[in-house]
Amino acid sequence: MTTSERPPGPVPLAPPNEERVLAEIAALIVEVLGDYAPDPADIRPETLFGDDLELESIDLVMLSGHLQERYGDQVNFAEFVASLEIDEVIALSVGRLVDHVLHRLGAAPEAGAAPWS
């Protein structure tokens, strides 16, 4: 099957792991931020969406769309953010999003055991 014959939807994924998901999310952030993006290697689990990346609401909406394209409906960023308290949203880190993605894909350790929460 060629690329043009591939059915629409999420790209098939290799088994997820923390490093792979972190790299994929970093690439999505770079895509969203464009010219204002840091080097993907500088996006680490402790990187904060607000303080470090200075993502605005529209950036988060775009990131949400990219996450859905990449991982499908089971990784619902809007639902995830809505489940957080306001102080958790303000302090949201890339690592916490990585944990969420891994959990939703069934590849995360038990709740509370994720290393970047």
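Think of Ile86 as one node in a network of Ile, Leu, Val, Met, Phe, Trp and Tyr side chains linked at under 4.5 Å; its network also takes in Ile90.
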Going through the checks in order, is the side-chain contact (heavy atoms from CB on, under 4.5 Å) test met by Leu84 and Arg96?
-> CA-CA 11 Å; Leu84 301 174; Arg96 181 123 188 232; 3.2 Å; yes
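Partners of Phe80 by ring pair (Phe, Tyr, Trp, His ring centres under 6.0 Å), not counting sequence neighbours, listed by chain and number: His100. For the side-chain contact (heavy atoms from CB on, under 4.5 Å) test, residues two or more places apart in sequence or in another chain that qualify with Asp39 are Ala41, Asp42. Glu46 pairs by the salt bridge (Lys or Arg N to Asp or Glu O under 4.0 Å) definition with Arg44, not counting sequence neighbours.
Taking each heavy atom of Glu18 and Val98 in turn, the nearest pair found is O-CG1, 4.0 Å. Nearest heavy-atom pair, Tyr71 versus Val21, reported as atom, atom and distance to 0.1 Å: OH-CG1, 3.9 Å.
Side-chain contact between Val75 and Gln68 is absent, with no heavy atoms from C-beta onward closer than 4.5 Å.
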All N/O donor-acceptor pairs, side-chain side in residues 29-37, below 3.5 Å, sequence neighbours left out:
none

Please table the atom pairs, donor to acceptor, closer than 3.5 Å between any side-chain atom in residues 51-67 and protein atoms at least two apart or in another chain.
residue	atom	partner	partner atom	Å
Asp52	OD2	Leu48	N	2.7
Asp59	OD2	Glu56	N	2.9

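In this structure, Phe77 CZ and Ile25 CD1 are separated by 9.0 Å, a value rounded to the nearest 0.5 Å.
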